[in-house]
Amino acid sequence: MRELLEMWARSKLSKHRLADDADDLVRFKPDVENHMLDVTFVESVGIVFLCASSGRVRRVALSILDSIRAVHEAFLHERQDDVIEISTHIRDIIDENGNEYLYRHAQTLTNTTENKYKKLKTPQDFERMSESESKEDQLLWSTCLSDIARASAELCLVSTLKATELIMQRIKPIWPEEKQQNTTGDAEGLSIWWRNYIIVACATIQVTDNTAIDIKKKMTDIVDQAPVSARELFTMIIPNLKSADKFFVDASLMALEKTHPRVLEVLFDILKPYEHEIHVNKKTKKKAEGLRSVIAIRRHCLESLKPGELVQRDILKRSYIEFIQEVLQFLALAENNGNDYLWDTLHYIRFNFCALVHRTIQQLYIGAKEFLDKNLRKELFRVSSKWSESEEFLGEESTTRRLAIFLQQEEKESVKRKEYEMRIIEHATQLSNVASHAVSVILLGPQFIETFKDPNGVIFQWINFMFVSRMKSKIRSVARLALQNFLKCNLGFSELIYHCVNQCYSASSGVASGYFLSLVELCQDQVLKFSYSDSILTNLVIFNSGSKFSSVRQQAMQLLYFMKASTVSMTGQDYSDGYYPSAIGSDISDTYLYAQYELSETLALENPELCYEILSSKVGRLARL
């Protein structure tokens, strides 16, 4: 088939170019005028054989997809009408995104092993990986195949639906049994076929519950018919999550995590009995293992939805909110047992839970500016703010001592003990990052804590802690985002704005710069408006133009230019940048401090009506020192 398609492609292309060997080409029957080739049948077969465990078969499948694309483009070139048809082929998706899929999954799957695709990247990496039959590359191929299938379901719908039908007919006949100690090569190959089949089927299935098909199937006498709907497919796969064979569990997880968004309601309906079984299980370890699988499925499925789509699907929305409540209850109970959360076995659940909360709240806000229940947000803020401090908390002396005792009990060998410690530190960093992002969206919405206006309340305490923490600057930028979300949803409380202005003059440079940068971004987004803003903002510009942080000084000048542009737009005057000292951006302290003095003098001459208010404010602040 591959050779025939290649000859056909060469034959079609030879009509449009001069070639010395054109006479040696196989002659095909002339095409009917304006006849259009239907490539979907060939592409669907190509997708099926991309699921093969053999690298040679996959190479042939890629060649077939390449040839049918060339033939189709030749047919388009021969058309006599003026209709311009732009079509996407499966091979286009692979050529455009193959290496990107490979590098992303290689980084995720090879954390514990050497990533051979990290250093030397070449355009042929994807082709080489597709032909490789090593255990690592087979797993990489399966993960890349899921992304190819999902993209194909959007861009090459007809070909993908036909491929799904073919694959659904082939899943049951090769369903592997749980592995024995001595597994043959053929059995291993069939297991990989099966894994790739269920991955592609879950990523492309769009038939939820087709009643007509179900009735027709019941009326026939054929035993063990192939599944035709998502409900049947999930009913077959989900029991594997309880398998004692790790291969079955991992393969089923990979498939269910990539489920097509259209059938998510069906998936979670079939998952309900399994979730209920997890929650009633009294063994904490078994419960954690089951919850680990379910939360991974739910998180990845949620990420496949379009922005705001969750709001439009009420059943799905309620399912996610109920699940968040159940997981929150489980985690609260686990921490009440007295275990140190930094090195217990629930890190994976906490990490995915924070990511799930972050994405759920984003979906609700983008879709219809909806928010979670106040009590639920309060509890989520409590646990997420605690976890966001994990990296800082792990560096405390008391925590370090407890960790040393724990490691002595768990590992006797010093090398393994050091590896365990490094893994715990990495987990703490990951949890701090994802929990901080969760807090940033939890604060998005109306107030949910009684002390939200209190400068010493839990919200401002957490924000101040993030600004002065020793964690990465990326975390501090998330804290600024959290402050902005909190302020823009509570603009009716002017005391919050004035508290933030006061914090810009804090003795802590980290706190002062954090609040100032947040206010600048809100001003530039035209969100922040309050009384006497001109004098307050001008004072902030002058004060922060002498900051020891170059980024703060630059933002102070950006705020000044923004204020001037806003004034011009309201008065209709001609805009001019004016003269402001460029030395503000210098790294030499004497230079930028003198430039600060020059800037204050220039602004006083430009805005004499603000001088008294600015002076009064400075005198008042000096008096309170």
Side-chain angles (χ1 to χ4, degrees), residues 1-17 19 21-22 24-29 31 36-78 87-102 105 117 122-134 137-138 140-153 155-156 158-167 170 189 192-193 195-197 199-200 203-204:
M1 180 179 178
R2 179 192 64 175
E3 293 174 358
L4 186 63
L5 278 170
E6 287 177 348
M7 287 189 291
W8 192 15
R10 287 198 299 270
S11 173
K12 295 291 293 181
L13 292 173
S14 69
K15 298 177 181 180
H16 310 297
R17 66 186 181 199
D21 58 347
D24 298 331
L25 293 173
V26 176
R27 299 297 180 183
F28 287 84
K29 184 179 178 180
D31 302 316
M36 201 60 238
L37 173 69
D38 185 359
V39 301
T40 58
F41 293 98
V42 178
E43 285 194 327
S44 63
V45 173
I47 294 174
V48 171
F49 283 99
L50 286 178
C51 299
S53 57
S54 166
R56 180 174 175 274
V57 174
R58 293 198 293 259
R59 184 175 71 247
V60 171
L62 289 171
S63 178
I64 288 172
L65 292 172
D66 195 31
S67 298
I68 196 63
R69 175 179 63 180
V71 172
H72 187 237
E73 288 176 349
F75 267 95
L76 291 175
H77 190 76
E78 286 183 343
S87 55
T88 302
H89 300 87
I90 305 293
R91 186 67 207 213
D92 294 333
I93 296 171
I94 295 172
D95 290 346
E96 184 71 24
N97 305 297
N99 276 353
E100 180 188 338
Y101 296 153
L102 167 61
H105 292 302
Y117 299 104
T122 66
Q124 292 77 34
D125 281 346
F126 184 82
E127 300 282 345
R128 285 204 300 269
M129 183 269 297
S130 67
E131 296 176 17
S132 173
E133 295 182 14
S134 68
D137 283 336
Q138 290 281 25
L140 263 177
W141 175 254
S142 296
T143 55
C144 292
L145 189 60
S146 66
D147 287 337
I148 293 170
R150 289 181 66 169
S152 301
L155 302 173
C156 309
V158 179
S159 299
T160 308
L161 291 178
K162 289 179 180 177
T164 306
E165 291 178 12
L166 294 173
I167 288 172
R170 287 162 172 75
I192 294 171
W193 267 100
R195 179 177 68 195
N196 292 340
Y197 273 165
I199 285 173
V200 174
T204 58

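- For the atom pair OG (S142) and CD1 (I192), the distance works out to 7.0 Å, reported to the nearest 0.5 Å.
- With sequence neighbours left out, the ring-ring contact (aromatic ring centres under 6.0 Å, His included) criterion links Y197 to W193.
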- Item | Steps toward side-chain contact (heavy atoms from CB on, under 4.5 Å) verdict (Y101, L145) | CA-CA 9 Å; Y101 296 153; L145 189 60; over 6 Å; no
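- To the nearest 0.5 Å, the span separating CH2 on W141 from NE2 on H105 amounts to 11.5 Å.
- T40 pairs by the side-chain hydrogen bond (donor to acceptor under 3.5 Å, both in side chains) definition with D38, K162, not counting sequence neighbours.
- In this structure, the separation between SG on C156 and CD1 on I148 is 11.5 Å, given to the nearest 0.5 Å.
- Applying the side-chain hydrogen bond (donor to acceptor under 3.5 Å, both in side chains) criterion to T88, with sequence neighbours excluded, gives no partner residue.
- Between S159 and S44, the closest heavy-atom pair is O-CB, 3.4 Å.
- Remark: T160 engages no residue in a side-chain hydrogen bond (donor to acceptor under 3.5 Å, both in side chains) (not counting sequence neighbours).
- In terms of heavy atoms, A61 sits closest to L50 at CB-CD2, 3.8 Å.
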- Message: Please determine whether side-chain contact (heavy atoms from CB on, under 4.5 Å) holds for the pair I167 and V48, giving the CA-CA distance in whole Å, both sets of side-chain angles, and the decisive distance to 0.1 Å.
- Response: CA-CA 6 Å; I167 288 172; V48 171; 3.9 Å; yes
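- L102 contributes atom CG, which lies 11.0 Å from atom CD of E127 (distance to the nearest 0.5 angstrom).
- A donor-acceptor distance shorter than 3.5 angstrom exists from the side chain of R58 to the backbone of A52, with no hydrogens or angles considered.
- A side-chain donor-acceptor contact under 3.5 Å links D92 to the backbone of H89.
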- Task: Quick one: do D125 and R128 satisfy salt bridge (Lys or Arg N to Asp or Glu O under 4.0 Å)? Show the steps, please.
- Result: CA-CA 5 Å; D125 281 346; R128 285 204 300 269; 2.5 Å; yes
- Does the side-chain contact (heavy atoms from CB on, under 4.5 Å) test come out yes or no for V60 and F49, once each step is laid out? CA-CA 8 Å; V60 171; F49 283 99; over 6 Å; no
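- Rounding to the nearest 0.5 angstrom, the gap separating the CZ atom in F41 from the CG atom in L166 is 10.0 Å.
- With sequence neighbours excluded, the residues forming a side-chain contact (heavy atoms from CB on, under 4.5 Å) with E133 are S54, Q138, listed by chain and number.
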- Task: Report the C-alpha distance between S152 and T204 in whole Å, list the side-chain angles of each, state the deciding distance to 0.1 Å, and finish with yes or no for side-chain contact (heavy atoms from CB on, under 4.5 Å).
- Result: CA-CA 8 Å; S152 301; T204 58; 5.9 Å; no
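- A 4.5 Å side-chain heavy-atom check between I90 and I47 finds at least one atom pair inside the cut-off.
- Under the 4.5 Å side-chain criterion, counting only non-hydrogen atoms from C-beta, V200 is not in contact with T164.
- Taking the side chain as every heavy atom from C-beta outward, R170 and C51 never approach each other to under 4.5 Å.
- Residues that satisfy the side-chain hydrogen bond (donor to acceptor under 3.5 Å, both in side chains) test with S134, not counting sequence neighbours, are S132, D137.
- Not counting sequence neighbours, the partners of D95 by the salt bridge (charged side-chain N to carboxylate O under 4.0 Å, His left out) test are R69, R91.
- Applying the salt bridge (charged side-chain N to carboxylate O under 4.0 Å, His left out) criterion to E96, with sequence neighbours excluded, gives no partner residue.
- What you find for A203 and S146 is that their closest heavy atoms are CB-O, 4.2 Å.
- The structure places CG of L140 at 11.5 Å from OG of S130, a figure rounded to the nearest 0.5 Å.
- Not counting sequence neighbours, the partners of L161 by the side-chain contact (heavy atoms from CB on, under 4.5 Å) test are L157, Q206.
- Between V45 and I64, the closest side-chain pair of non-hydrogen atoms is not below 4.5 Å.
- Using modelled atom types, one side-chain atom of S67 and one backbone atom of S63 make a donor-acceptor pair closer than 3.5 Å.
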